[in-house]
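Just so we're clear, the structure is a prediction, and the values are computed from it rather than from any experiment. Proteins come first, then strands; the chains are lettered A, B, ... in the order of their sequence lines, and each starts at number 1. The figures that follow rest on heavy atoms only: side chains count, while hydrogens, waters and symmetry mates do not.
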2 protein chains.
Amino acid sequence: MSNGSRAGGTLMKKQERQRYIRELLKANNIDKQEDFVILLKKEGITVTQATISRDIKEMQLIKVPATDGTYSYNLPVQKQLNTEKKLTKTLKDAFISTDVQNEMCLIKVTPGSGPAIVSLIEQMNYSFVFGTLGGDGSALIICHSNKDALKLSRIINEIVIE
Amino acid sequence: MSNGSRAGGTLMKKQERQRYIRELLKANNIDKQEDFVILLKKEGITVTQATISRDIKEMQLIKVPATDGTYSYNLPVQKQLNTEKKLTKTLKDAFISTDVQNEMCLIKVTPGSGPAIVSLIEQMNYSFVFGTLGGDGSALIICHSNKDALKLSRIINEIVIE
DNA sequence: AGTGAATAAAAATTCAAG
DNA sequence: CTTGAATTTTTATTCACT
């Protein structure tokens, strides 16, 4: 708990902000980074455009020219395809089991694979995922609801058997 | 032949440039619009960044943040998905037959549907398509080679029966 | 580590003009 | 309608700080 790289430190703020960004993307038509700054302020999160630029880079969001002549930031379908492949491969390799309790889905994997799984699931930008926690031999995925957690569990199991 | 909106006028230049842009995308890792300006100059096409910006908007290219921390312009997979759906629908509705001669593929369709088909095929950004010509009841697709034309013909027919 | 303020760099648009 | 030059706007990065 003494340095910044641990969960629960200032790090959490970024993760939470990026979660909001993901939500905002779906609801609004955002055509510039300042819009994120403004919308986040309404949620009580104060950041500058510089931070948003970094978030966008990290989340690999893309600015898409729409048919109607406007621009809008979007989730990266492109990237998604690659990520899904990696997730599939990693899961097939390391998967042991899933467990669901309330809104949480615990994915048990072979030792050492937890962080990789968590990272990939983060990258998938599943709308129903609220947060993640990576252990050594497990990945705890916190969803919005029990229904969502079951959904994720189903998805994971389908990936493994596919 | 008196105004700028007709094929064969100055319009052709834009179309050709955008064709080059599509090619450049695949070959190079382009992270800024100036790169297009420079690469196009090597092809003998002189334009400014302003024009590239407009092309990018029109072609709906996206700037993708890569995993390695760089950016690169890409073809829009996202858009592609929608376009493919429209193409499928339109073809199923209007398709009559395909004919291949040399590097050309002639798609015969019901009267009035030619331009729509051409527009959709343009939007598909098929790498093997060199140019298009839309008639009333037909779409002439010029590919790079006879093999490519046959490939397109196969694709079109597969779409129709799918 | 993550961030903001300032700045540099890149991209979009405006304003002629062909 | 298409473009370039100039400009504005937006976005990325640098630098300092924590």
J.: Between D:dT3, C:dT13, C:dT3, which nucleotide has the shortest distance from any of its atoms to the side chain of B:Lys14?
T.: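 Closest of the options to the side chain of B:Lys14: D:dT3.
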J.: Do B:Asp93 and B:Ser113 meet the criterion of a side-chain donor-acceptor pair at a distance under 3.5 Å?
T.: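 Result is no, nothing qualifies.
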J.: Whole angstrom is fine here: how far is it from CG in A:Asp31 over to P in D:dT10?
T.: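 Distance, rounded to whole Å: 8 Å.
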J.: Are more than 12 heavy atoms, taken from residues, nucleotides or ligands other than A:Lys92, located less than 6.0 Å from that residue's NZ atom?
T.: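 Yes.
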J.: Rounded to the nearest Å, what distance is computed from the CD1 atom of residue A:Ile21 to the P atom of nucleotide C:dG2?
T.: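 Distance, rounded to whole Å: 13 Å.
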J.: Base, sugar-phosphate, or nothing for A:Tyr73, non-hydrogen atoms under 4.0 angstrom?
T.: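 Sugar-phosphate, backbone atoms only, no base.
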J.: The side chain of B:Lys63 lies closest to which of these nucleotides: D:dG4, C:dA10, C:dT13?
T.: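 My answer, after comparing the listed nucleotides, is C:dA10.
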J.: Between B:Gln49 and D:dT3, is there a contact of a side-chain N or O with OP1 or OP2 at under 4.0 Å?
T.: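 Answer no for this pair, as no side-chain N or O of B:Gln49 is under 4.0 Å from OP1 or OP2.
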J.: Side chains of A:Ile62 and B:Pro65: closer than 4.5 Å at any heavy-atom pair?
T.: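 In contact.
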J.: Is the phosphate of D:dA12, meaning OP1 or OP2, less than 4.0 Å from a side-chain N or O of A:Ser53?
T.: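 Answer is yes, contact under 4.0 Å.
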J.: Is there a side-chain contact between A:Thr48 and the phosphate of C:dA5, meaning an N or O under 4.0 Å from OP1 or OP2?
T.: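 No, A:Thr48 has no side-chain N/O under 4.0 Å of OP1/OP2 on C:dA5.
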J.: So, are B:Lys14 and B:Glu58 salt-bridged, with charged N and O less than 4.0 Å apart?
T.: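 The answer is yes: the pair qualifies as a salt bridge.
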J.: Would you say B:Thr51 reaches D:dT3's phosphate, i.e. side-chain N/O to OP1/OP2 under 4.0 Å?
T.: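 It does not, given that no N or O in the side chain of B:Thr51 lies less than 4.0 Å from OP1 or OP2 of D:dT3.
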J.: Given pairs defined as Watson-Crick or G-U wobble with both distances under 3.5 Å, what dot-bracket annotation applies to DNA chain C, with ( ) intrastrand, [ ] crossing, | other strand and . unpaired?
T.: .|||||||||||||||||
J.: Using the closest heavy atom to pick a nucleotide of DNA chain D for each, name whichever of B:Gly69 or B:Arg54 lands nearer the 5' end.
T.: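 Result: B:Arg54.
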J.: For B:Phe128, does the CZ atom have more than 12 heavy-atom neighbours from other residues, nucleotides or ligands under 6.0 Å away?
T.: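 It does: B:Phe128 CZ has more than 12 such atoms within range.
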J.: Compare side-chain N and O positions of A:Gln33 against OP1 and OP2 of D:dT9 and report whether any pair is under 4.0 Å apart.
T.: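 For D:dT9, OP1/OP2 do not have a side-chain N/O of A:Gln33 under 4.0 Å.
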J.: How close or far is atom P of C:dG4 from atom CG of A:Leu40, stated in whole angstroms?
T.: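 Atom-to-atom, A:Leu40 to C:dG4, this comes out as 11 Å.
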J.: Can you tell me how far C1' of D:dT13 sits from NZ of A:Lys57, to the nearest Å?
T.: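 Rounding to the nearest Å, NZ of A:Lys57 and C1' of D:dT13 are 8 Å apart.
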J.: Send over the distance from B:Ile30 CD1 to C:dA11 C1', rounded to a whole Å.
T.: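 Roughly 15 Å, once rounded to whole Å.
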J.: For the side chain of A:Lys32, counting heavy atoms from C-beta on, which of D:dG4, D:dT10, D:dT14 is nearest?
T.: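 Of all the options, the side chain of A:Lys32 is nearest to D:dT10.
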J.: Which is more 5' along DNA chain D, the nucleotide nearest B:Asp55 or the one nearest A:Ile52? Just name the residue.
T.: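 Here B:Asp55 is the residue nearer the 5' end.
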J.: So for A:Arg17 and C:dG2, does any side-chain atom that can act as donor or acceptor lie under 3.5 Å from a complementary atom in the base?
T.: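 No pair found.
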J.: Between A:Glu43 and A:Arg17, does any side-chain N to carboxylate O distance fall below 4.0 Å?
T.: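 So A:Glu43 does not pair with A:Arg17 through a salt bridge.
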J.: For a quick check of understanding: with a heavy-atom distance under 4.0 Å over all strands, which category does B:Thr46 fall into, base, sugar-phosphate or nothing?
T.: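 Sugar-phosphate contact only.
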J.: Starting from P on D:dT11, measure out to CD1 on B:Ile62 and report it in whole angstrom.
T.: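 One finds 15 Å between P of D:dT11 and CD1 of B:Ile62, rounded.
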J.: Checking A:Gln49 against A:Gln33: is there a side-chain donor and acceptor pair closer than 3.5 Å?
T.: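 Yes, a side-chain donor-acceptor pair sits under 3.5 Å.
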J.: Which whole-number value in Å describes the distance from B:Tyr71 OH to C:dA9 C1'?
T.: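 About 12 Å, once rounded to whole Å.
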J.: A:Glu34 CD to C:dA5 P: how many Å, rounded?
T.: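 So the two atoms are 12 Å apart, to the nearest Å.
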J.: Assess whether a salt bridge exists between A:Arg22 and A:Glu122, defined as any Lys/Arg side-chain N lying under 4.0 Å from an Asp/Glu carboxylate O.
T.: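 Yes, A:Arg22 and A:Glu122 are salt-bridged.
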